[in-house]
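Encoded as structure tokens, the structure appears first; notes follow it.
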Amino acid sequence: MVNMTFLNTIDKPNWCPGCGDFGILIALKGAIVELNIEPENIVLVSGIGCSGKLPHWIRTYGLHGIHGRALPVASAVKLANNELTVFAVGGDGDGYGIGMCHFIHAMRRNIDMTYIVHNNMIYGLTTGQTSPTSEKGMRTKSTPSGVIEVPVNPMALAISSGATFVARSFAGDVKHLQKTIVDAVKHRGFSLIDVFQPCVSYNHVNTYDWYKHRVYDLSTVGHDIADKMKAFTKSQEWGDKIPIGVFYKVLQPTYEDELPQIKDKPLVKHPIDNVDIGGLMDDFV
Amino acid sequence: MVNMTFLNTIDKPNWCPGCGDFGILIALKGAIVELNIEPENIVLVSGIGCSGKLPHWIRTYGLHGIHGRALPVASAVKLANNELTVFAVGGDGDGYGIGMCHFIHAMRRNIDMTYIVHNNMIYGLTTGQTSPTSEKGMRTKSTPSGVIEVPVNPMALAISSGATFVARSFAGDVKHLQKTIVDAVKHRGFSLIDVFQPCVSYNHVNTYDWYKHRVYDLSTVGHDIADKMKAFTKSQEWGDKIPIGVFYKVLQPTYEDELPQIKDKPLVKHPIDNVDIGGLMDDFV
Amino acid sequence: MIKNRLTWKIGGKAGEGIMATGMIFSQSCSRGGLHVYDINEYPSLIKGGHNTLQVRVEDREIFSQVRDVNLLIALNKDTILLHKDELVDGGGIIYDSSEVIDDNEIRKNIKLYPIPFNNIIKEIGAQAIMKNNVALGASIALIDYDFGIVGEVIRDNFKRKGDKIIDENTRSARAGYDFVRKNFKNDFDFRLEKIGKSGRMLLTGNDAICMGAIRAGCKFYSAYPMTPASSILHFMAAQERRFNIVVKHTEDEISAINMAIGAGFTGVRAMCGTSGGGFCLMTEGYGLAGMLEVPIVVILSMRPGPSTGMPTWSEQGDLKFALNASQGDFPRPVLVPGDIEENFYLTQEAFNIAEKYQTPVIVLSDKNLAESHKTTEKFDERKITIDRGSFAAPGDLAASSDTTFFKRYKYTENGISPRTIPGMKKGIYTGASDEHDEEGNIREDADIRVKMMQKRGRKMIALSKELKEPELTGPNSADITIISAGSTKGPIIEAMILLEKDDIKVNFLQIVYLNPFPSEKVAKVIESTKRTVVVENNFSGQLADIIKEKTGRDVDKRILKYDGRPFYPEEILASIKEVAHG
Amino acid sequence: MIKNRLTWKIGGKAGEGIMATGMIFSQSCSRGGLHVYDINEYPSLIKGGHNTLQVRVEDREIFSQVRDVNLLIALNKDTILLHKDELVDGGGIIYDSSEVIDDNEIRKNIKLYPIPFNNIIKEIGAQAIMKNNVALGASIALIDYDFGIVGEVIRDNFKRKGDKIIDENTRSARAGYDFVRKNFKNDFDFRLEKIGKSGRMLLTGNDAICMGAIRAGCKFYSAYPMTPASSILHFMAAQERRFNIVVKHTEDEISAINMAIGAGFTGVRAMCGTSGGGFCLMTEGYGLAGMLEVPIVVILSMRPGPSTGMPTWSEQGDLKFALNASQGDFPRPVLVPGDIEENFYLTQEAFNIAEKYQTPVIVLSDKNLAESHKTTEKFDERKITIDRGSFAAPGDLAASSDTTFFKRYKYTENGISPRTIPGMKKGIYTGASDEHDEEGNIREDADIRVKMMQKRGRKMIALSKELKEPELTGPNSADITIISAGSTKGPIIEAMILLEKDDIKVNFLQIVYLNPFPSEKVAKVIESTKRTVVVENNFSGQLADIIKEKTGRDVDKRILKYDGRPFYPEEILASIKEVAHG
Ligand SMILES: Cc1ncc(C[n+]2csc(CCOP(=O)(O)OP(=O)(O)O)c2C)c(N)n1
Ligand SMILES: Cc1ncc(C[n+]2csc(CCOP(=O)(O)OP(=O)(O)O)c2C)c(N)n1
Ligand code: SF4
Ligand code: SF4
Ligand SMILES: [Mg+2]
Ligand SMILES: [Mg+2]
């Protein structure tokens, strides 16, 4: 039985006091305990950013890679050993900015893993530049006269790209987030959880309060998570009311399902000391 | 007055006989003549692929760059001289595969330019591997047991990302394509034209006939191009009937509109021999 | 009459099956116990450009193409115009008799064999595309080779396409064969004769890399298509179910290397492959693997740069890039195979080095090596060892702390730390791309930084002690020592064979391990030779620069070629003579 | 009593405004006509980590930090523990009197100045965050500096925030000042005295790069944030409307360099900037610029690698990467400024080289140079020339063909071809990343390839003739010659000042142009000196390797530091002495 204490690390998180990342860490640990997965069978892969440090503060296997590349690393971890439970975590800049290409392609691949995006609508670790989710007009160090682009819409992109579990949650509501993570892990296929994560140091617009006054749970309004069109419509909601919860969910074969190579056992368990290439050489005679 | 002869080059296109790219080249030349834009005020930027060679065979300014990067180059061409008419062209691998990150971000930027994607659902120049638009199950050199991913949906992605002119056309219908290009150029903002382009050498599934029997023009069915939800619904149509034409169009300020720096004249026309930094130095005393 | 020493060349428009026909010829020769080396030339476009396949056949092992051609199969007129001057005296041209040839343009001592392809095809009721086979058959008759073997090869190659296709191909070839027998004197000077079954393989460098990887137990290959590495992707994909490998055509090269890292981290042997432009995109991940100490193998198959350059041609212009890619100092082993055998063994060794030293390893190849076929003895599997390096022992794990991370980056004498992989109880750690302590925790303290840099650095020292020193080929002392790396090996050896007739004593030092570089050995060799030359397929003489950086010594001459074509032995011969006499 | 020779250091938790307070001190000294050099240390996290700013002040020009600290402002106890040993005898610590300090832990000859920050703040009704200002004021009193200047600087810095903020800051500082005046003897050994108005700027290397770029007429800057290059993005963005520049925070570094290329192609001066990891992603575009012959300037600001490494610390570990990035051979000019002035002038020159030679140019900087402030004379604009290179003359254009593309890549003696940009009638061409002919048409012919490689190569030869040779600083002949590049210049010069007292004769050769490398000059210098050392902020001695590659000569010693910290002059001094006497 895994417990919170086991998951704790000696290094303590060094996020700014009050940062939304703490809520995500707690919810994630809670979800792991709730799901009762052995920590040695979990791999957490992250990119670079404040968010990217998370794997250092939870005692599972982890790989804190480079900016924007958590998804390909995590995807291959799963393909190499599909008995593992695999998470990718990262920031909005990491995942929707520099990592956008992998984001779209990972979703259409439907590998069974969970992707948690710490969406603080800002670049935290580099001290406050515009992120792809920063709202139009927002003034930051890199856009002192205000952002000109419209923000990316992760929910709409996910629905458009084949993700089979598309959800949003809020770091200020740990219970909701923990439940969403548990559901995502249980879902067979690629799960996206976009998490509203207040950055208390650099985003003075999208604060805890800002979110609290706006978010409502889709499950409370009878939203049909099997209906793609409805999900898309919901993804367009922004402003005074912003939906959280599961937007869309569908069961599809996973990528791994279609690989006979790993039907019997994961790649990592195939012996390799004496691969027989005799027949292969014969093919070339 | 620009004419077809002026646009012709001494090098002749070396695409495979029958390749859909010829239709795109003809339609593009036709559109330029129809729009009567001086060739020296046009810049065509491409990536790498069969499609990427197009700028060599039309006598306008051109930049045949690297694989997947036409959009950032073209965007900056426009920002550097917003008096130019700027096109980006490229393949489906180029634009929706390796170039996906720029694709999404260019659309939300809404720079006034036209992006034409030669979508042959295959990698042509590298002799027939899977592309991001290859249909699930398609067997290619890189996926001999069939593609496992679901294809990307460029129309849905564009609608989800802030493109202000989203259209699809067919290289086998030069008239339709030419009209679509003319409309796209006239549109102020980022225009995407995804063009079904048969690859006679490597895609033996999605042939001229395959398309001909499926495509129908949205303008013939009373589609409301101002309605985003309808556009998204239409983007989901695939199979026996596939819509072409304009899916979605909306007028929004362009990126350039929000840059006072280039209100009076393009960047390239600002004199630079004697920029006065006296005041700037004073700021640091 | 010259027997079993022939260069046969076929040329025509891209997309017309020239390569396939040429391959049937190559295979037919190989099956007859002869040695074959072929080389293709084709532009970066799909149909209509000019393609050639040049097949050299002898009764001894061949190491490269030569310039002289004996028999030219011209499937269009361009081929005649472009290649007639490559023909030796007494050579011949097979061409379409409907083509109007200006006799004055062809040297007198070239034999012309006009063949009415269209008539023949019509007569036997075959498709127009069978012209190639007619020409092939005609050439077999001219050189008096065994048609039975050709039929056998056709049968094997088209097995999957069914009897009808086999029959059409065979009949076409036969018709060409018969036409020549009937209409021309049996007077062609160059002949081939089979010398028994060889059991040799006929394969390319890329084929050998794939076999090496598969034999090494590679379980994961990720790549984005890029000439001349694409055929590795195709090979691996075709074999993925047979050998239980996951092969992924990724969205880009960034993903390809990061996936390889994910797989390597998880404990499977992982490889990715690309060419220069794609490697640019891999450089960041390459440094990540260095920092995380994750074993991966990267195949970098060179083509002429800068930028897109000449995608379907050959060059060795990425040596310095490969050696210095990515920011900061970290171990960057780079192996440079020189021929098809070495492609196999070194790829296999690359996996051992990667796992033993927990580091990314680059195997540097080029288009010439990647795509040329050579008859090759079956690989000797007794030479193979699988060394997976130091996984944490059960004892270490059991003894490890219950509250901290495992010391995945433990300071050790040789810099190699015990490794754990996900799933191992008590081996839990988080690897960081940031500088870190022994447990992987992010640290910025000066002393930890210094220790970690030194720990990683020591791995390179340990590796350099393990690697075999390069050996001189040829006489121990010579007038001229040739130093080179990579696919230039073939033409150098051929040039040395030609030089045997001369009184210039030449030997050859092949650099196989570009990093760690065998500085001492190279310095010693340079010192003990009268003259040293490098032979390189690039503009600036990158290997010569590296030699100077590592040994402080200038070579006497840089023999460079950078027109996208590999060296001909004749060119090296001429340059060496110049050096010797000049 | 020592006047106008002081190192003042403030330390505390990240996110508490330590840097801002330190900057007020730096500016106050600079405004008083004193010379200032400051250096920060902070971890890669936003709040709570340990931050310091160390400010050195003298009445002569200062070139770097030194290790010895005279006055330490400890905003928390950690600061005392971490830095007390840096204090010289007679030095002092200002700290919170509520902190319990174990007297035994502090050397006897250190003066302690406990201050009741909270009480003072409460008394004057200010916020807790004003503690820094109280400490600042206290330090001003101790060193007996002019409080009026501090007030002035506070006023200027907070102008935009309104009178209330100005007042609160000023009052807090004043309260600290008054407290010290009242409660401590006026016996602190180290004092500062203003020596009149200087008119000097106080700025960082990144500030200077931006000013150089703006003065050069840079109209387009594209970047993705990355320490230590991010502040260039912030600076340029803040100035974009004032100077009519388009500044783009792009989706990634791939886009950043490709955008710069688009802008450069279109005829505006364009720049992009990043650090190592981002530069990895730029390498493919870098080669593209080389092939298209599009002028762009790339700022590569180094930090410790490999991989993410130590993002907020300093290193010079990317020299070889910068020199060899991207596949193939092409001109790769790399400039390495050594101080803030050089940042300005070389960035400006980089644009001239880029346009004149139609090539990408790298300016190689590092975190130490990027973020340290130094008092600097206003730049001399008479030294500036704007050379835009060879645009096609109207005559050329008029004469150009009506049916073909313009010969944008015309073969010329120096390799530089006349340039056209979109909008120019009759200048139409398409540039290709593939190898091409003079008009830009894709070509794979051997002869065209060779000519184009040589044409591009000749540009580098022409450039190397134009560049100034490096000059020796110090005596013409010396016992030891120091060779170095980049930000090590400062501590080297300071070490040389210290060495003046010794009898070791030392001079210094600064490499400013890393490529084309001044091989002859360096070889000559090495030959004519008894001993040569390199001083480098990296693990392997990359500059020494480059010197060996270019000159064949080994230096006698590599003085290396790779713990993320720049050199102290004292360290160089010690190493030099060792070399001299060892
Ligand atoms: C290739 C590359 N470019 C830039 C950086 C610098 N960098 C580090 S974190 C970061 C962005 C952080 O923003 P986000 O991803 O939203 O994460 P957050 O810190 O907000 O959690 C950037 C640009 C990098 N590490 N690598
Ligand atoms: C970085 C990089 N990776 C790979 C390649 C090789 N490459 C050239 S074209 C191409 C794909 C072509 O497919 P697509 O973009 O669909 O264009 P098409 O040829 O079908 O028009 C690839 C992978 C390259 N040039 N650069
Ligand atoms: S900067 Fe923002 S995101 Fe980063 S740790 Fe601080 S509050 Fe959290
Ligand atoms: S390979 Fe396909 S896309 Fe390329 S030119 Fe030929 S038909 Fe066109
Ligand atoms: Mg963020
Ligand atoms: Mg395509």
Side-chain angles (χ1 to χ4, degrees), chain A residues 68 75 79 95-111 130-134 136-137 143 145-164 189-190 228-236 250 252-261, chain B residues 68 75 79 95-111 130-134 136-137 143 145-164 189-190 228-236 250 252-261:
Chain A
S75 303
L79 294 176
Y96 307 145
I98 195 169
M100 177 59 83
C101 185
H102 314 306
F103 178 56
I104 302 288
H105 290 285
M107 291 193 288
R108 68 191 193 88
R109 213 161 271 154
N110 201 32
I111 293 175
T130 297
S131 113
T133 52
S134 297
K136 194 160 182 201
T143 54
S145 321
V147 177
I148 303 182
E149 287 102 332
V150 299
V152 300
N153 185 330
M155 296 295 104
L157 289 175
I159 295 161
S160 301
S161 301
T164 54
F190 187 92
K228 198 174 186 175
M229 290 307 143
K230 293 251 170 68
F232 186 78
T233 312
K234 279 294 170 193
S235 78
Q236 301 296 307
V250 61
Q252 295 283 351
T254 67
Y255 193 90
E256 309 90 279
D257 286 342
E258 310 205 22
L259 297 174
Q261 301 93 302
Chain B
S75 302
L79 294 177
Y96 306 145
I98 195 169
M100 177 58 84
C101 185
H102 313 306
F103 178 56
I104 302 288
H105 290 285
M107 291 193 290
R108 67 190 193 87
R109 212 161 273 153
N110 201 32
I111 292 174
T130 296
S131 112
T133 51
S134 298
K136 193 161 184 200
T143 55
S145 319
V147 176
I148 303 182
E149 288 101 333
V150 299
V152 300
N153 184 329
M155 297 292 102
L157 288 176
I159 295 161
S160 301
S161 301
T164 54
F190 187 92
K228 197 173 186 177
M229 291 306 143
K230 294 249 171 69
F232 186 79
T233 311
K234 279 293 169 193
S235 78
Q236 302 297 305
V250 60
Q252 294 284 353
T254 66
Y255 194 90
E256 308 90 279
D257 286 343
E258 309 204 24
L259 296 174
Q261 301 93 303

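Letters A, B, ... mirror the listed sequences (proteins, then strands); counts begin at 1. Only a predicted model underlies this, so the values are computations on that prediction, with no experimental measurement involved. Worth knowing before you read on, the calculation uses all heavy atoms, side chains too, and leaves out hydrogens, waters and symmetry mates.
Here the straight-line distance linking atom CD1 of Ile104(A) with atom CD1 of Ile104(B) works out to 4.5 Å at 0.5 Å rounding.
With chain A as the partner, the residue from Glu258(B), Glu149(B), Lys228(B), Met229(B) showing the most heavy-atom pairs under 4.5 Å is Glu149(B). Note: Lys136(A) leads Met155(A), His102(A), Lys136(A) in heavy-atom pairs under 4.5 Å with chain B. Contact count versus chain B (heavy atoms, under 4.5 Å) is highest, among Ser160(A), Pro151(A), Ala156(A), for Ser160(A). Most heavy-atom pairs under 4.5 Å with chain A, from the set Leu259(B), Leu157(B), Asn110(B), Asp257(B): that is Leu157(B). If you tally non-hydrogen atom pairs under 4.5 Å between each of Ile159(B), Val147(B), Asn153(B), Val152(B) and chain A, the highest count goes to Val152(B). Of all the listed residues (Gly97(B), Ser145(B), Pro260(B)), the one sharing the greatest number of non-hydrogen pairs under 4.5 Å with chain A is Gly97(B). Of the residues considered (Ile98(B), Ile148(B), Ile111(B)), Ile148(B) shows the highest number of contacts with chain A, using heavy-atom pairs under 4.5 Å.
Of all heavy-atom pairs spanning Met100(A) and Cys101(B), the tightest one is CB-SG, 3.7 Å. In terms of heavy-atom proximity, Pro132(A) sits nearest to Arg108(B) at CA-NH2, 3.4 Å. Closest of all the heavy-atom pairs between Gly162(A) and Val150(B) is CA-CG2, 4.3 Å.
Neither the backbone nor the side chain of Gln252(B) comes within less than 4.5 Å of any heavy atom in chain A.
A donor-acceptor contact shorter than 3.5 Å links the side chain of His105(B) to the backbone of Tyr96(A).
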